[in-house]
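The figures here come from the full heavy-atom set of this structure, side chains too, leaving out hydrogens, waters and symmetry mates. By convention in this document, chain letters (A, B, ...) are assigned in the order of the sequence lines, proteins followed by strands, and residues within each chain are numbered from 1.
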Number of protein chains: 2
Amino acid sequence: MIMKYKTVIVDDHPIVISGIAGLLSELDNIEIVEKFESGIALLDYIEDNKVDLILMDIFLPVINGVDLCKTIKQKHPKIVIIGMSSQSERSLVMQFIQNGGNGYILKNASFDEFKECIYKAIDGEIVFSEEVKTIISQPLSEDLERIPGLSRRERDIALLLSQGKSTQEIADDLFLSFLTVQTHRRNILQKYKMKNVAELIAFLLKNNMLN
Amino acid sequence: MIMKYKTVIVDDHPIVISGIAGLLSELDNIEIVEKFESGIALLDYIEDNKVDLILMDIFLPVINGVDLCKTIKQKHPKIVIIGMSSQSERSLVMQFIQNGGNGYILKNASFDEFKECIYKAIDGEIVFSEEVKTIISQPLSEDLERIPGLSRRERDIALLLSQGKSTQEIADDLFLSFLTVQTHRRNILQKYKMKNVAELIAFLLKNNMLN
DNA sequence: TAAAAAATACACTTTATCAGGTATTGCCGT
DNA sequence: ACGGCAATACCTGATAAAGTGTATTTTTTA
């Protein structure tokens with residue numbers, strides 16, 4: 001008798017669930033036992049039922065994929081979890097893996113990629129779809145400069161700058177000296193080698209460093 | 001004999017295509033004649049083949065959904081086009097409709113919503129899934145301000161500002177007088193009631209008004 | 001084709017930013 | 001316990017931006 005891998009799909013898009021279900025039905029040692037549109041329902045389910053493999057969207061309402069993965073792995077380290085999303089950011093993928101994820105697939109991956117990744121993952125490998133690979137490998141080799149982060153205070157100030165506040169207004173808002181804010185401004189500009197606040201804000205927003 | 005609506009699906013996620021195809025296969029007067037992962041392939045196809053209904057993702061590589069819709073409608077106004085995306089922004093939905101789109105569905109819509117929207121759309125209605133409705137109706141009542149766009153020149157200048165260029169540098173880049181650039185800057189700031197360039201850049205980037 | 005919008009240009013005043021250097025205090029981690 | 005980083009603060013001069021007013025030409029569009 002063949003043991004089938006009991007598989008659960010979690011995605012808040014019914015369309016995607018049905019797409020993946022259709023794909024997985026072609027794999028003969030995979031059995032889809034349940035589908036969920038939220039992580040909470042999944043957490044309940046795995047307490048009472050055996051699950052071998054979870055395919056989950058990273059962007060879920062209420063609880064995000066990274067936290068969900070972490071929570072599941074703490075109690076059920078043997079469950080294989082593969083993350084999915086439409087766009088991928090390097091840092092997000094790394095976070096997911098660091099929290100126990102066994103792989104990451106972009107939704108624009110081909111059917112073959114999906115199948116291959118799933119097979120390899122249940123075989124114990126950490127798997128990525130092609131595009132994810134290029135995304136996570138490129139900046140690591142070429143881009144030596146891992147951009148330094150903003151300190152707490154610097155983030156406060158940058159945020160207010162993006163709201164059009166002047167140095168004096170920021171000083172008032174944060175109960176600081178005008179001169180202190182001026183120093184922070186200068187430090188931020190120097191840190192990222194920016195000419196002025198306009199360029200800085202554009203840079204920070206594009207790199208998701210505000211909020 | 002029943003005429004089936006010849007339907008094409010365009011999405012760069014194979015998984016989503018297969019999901020929608022599965023759904024539509026349940027509708028007996030819909031016939032899926034083709035599936036594409038890019039808009040270019042679609043444009044070729046409709047030149048030589050009869051198509052009644054197109055379901056397209058808005059975020060596509062190479063050509064975006066809004067432009068694609070516009071191009072198709074110019075030559076084939078009778079084709080019913082429904083847009084889809086994972087997240088929806090009010091302005092994007094409106095743009096899509098203004099360019100001839102017959103409806104907009106969020107991918108997290110239920111199967112029933114999908115079916116209903118498709119039926120209504122081929123019946124001549126402009127349709128939206130539930131979540132889209134709430135998104136486009138909320139800001140409409142409360143948020144009177146339909147933000148005016150940047151003119152071509154203003155966009156040029158805003159772009160250079162976001163790159164940290166000074167007024168003089170922009171003037172040199174665009175072969176304009178310093179004073180002209182100054183005037184444009186002022187006009188842009190006044191148009192959006194922004195205090196300074198930092199706030200402006202943040203605003204423009206958040207509203208996808210650069211590039 | 002007439003009106004509206006956009007692009008161009010000039011002058012002047014006030015205020016803010018940028019860039020340089022310097023220094024003290026507190027906290028975190030090794 | 002010490003070094004390093006973060007946060008705080010001060011000074012000054014040069015430069016740039018912001019605020020206000022006006023005006024001509026070109027392009028778009030109703």
Describe the nucleic acid contact of [X] in one word from base, sugar-phosphate, nothing, applying a heavy-atom distance below 4.0 Å.
{"X": "A:T180", "value": "base"}
{"X": "B:N196", "value": "sugar-phosphate"}
{"X": "B:R152", "value": "sugar-phosphate"}
{"X": "A:Q182", "value": "base"}

Could you give the [atom1]-to-[atom2] distance, from [X] to [N], as a whole number of Å?
{"X": "A:E199", "N": "C:dC18", "atom1": "CD", "atom2": "P", "answer": "11 Å"}
{"X": "B:N187", "N": "D:dA17", "atom1": "CG", "atom2": "C1'", "answer": "15 Å"}
{"X": "B:I157", "N": "D:dA17", "atom1": "CD1", "atom2": "C1'", "answer": "14 Å"}
{"X": "A:L176", "N": "D:dA6", "atom1": "CG", "atom2": "P", "answer": "16 Å"}
{"X": "B:M194", "N": "D:dA17", "atom1": "CE", "atom2": "P", "answer": "19 Å"}
{"X": "A:L160", "N": "C:dA16", "atom1": "CG", "atom2": "P", "answer": "16 Å"}

Classify the side chain of [X] versus the base of [N] as yes if they form a donor-acceptor pair under 3.5 Å and no if they do not.
{"X": "B:R153", "N": "C:dT8", "result": "no"}
{"X": "B:T183", "N": "C:dA9", "result": "yes"}
{"X": "A:R186", "N": "C:dG20", "result": "yes"}

Check: Nearest of C:dA9, D:dT8, C:dA6 to any side-chain atom of B:S177?
Finding: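 Of the candidates, C:dA9 comes closest.
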
[N] phosphate, OP1 or OP2: any side-chain N/O from [X] under 4.0 angstrom?
{"X": "A:S166", "N": "C:dT15", "answer": "no"}
{"X": "B:R185", "N": "D:dA18", "answer": "yes"}
{"X": "B:H184", "N": "C:dT8", "answer": "yes"}
{"X": "A:T167", "N": "C:dT17", "answer": "yes"}

Margin query: Below 30° counts as parallel, above 60° as perpendicular, anything between as tilted: where do the rings of A:Y104 and A:F96 land?
Written below: perpendicular

Next item on the list: State whether the number of non-hydrogen atoms from other residues, nucleotides or ligands found under 6.0 Å of A:K115 atom NZ is greater than 12.
Entry: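 Result for NZ/A:K115: enclosed.
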
Notebook entry, point to check: Hey, does A:R185 have a side-chain heavy atom less than 4.5 Å from the side chain of A:T167?
Noted result: yes

Check: So, A:D11 and B:K107, do they make that salt bridge, N to O below 4.0 Å?
Finding: no

Check: Closest nucleotide of DNA chain C for A:Q168 versus for B:L179: which of these residues is on the 5' side?
Finding: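 Result: B:L179.
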
Notebook entry, point to check: Does a donor on one side chain sit under 3.5 Å from an acceptor on the other, for B:K120 and B:N102?
Noted result: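 No, no side-chain donor-acceptor pair sits under 3.5 Å.
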
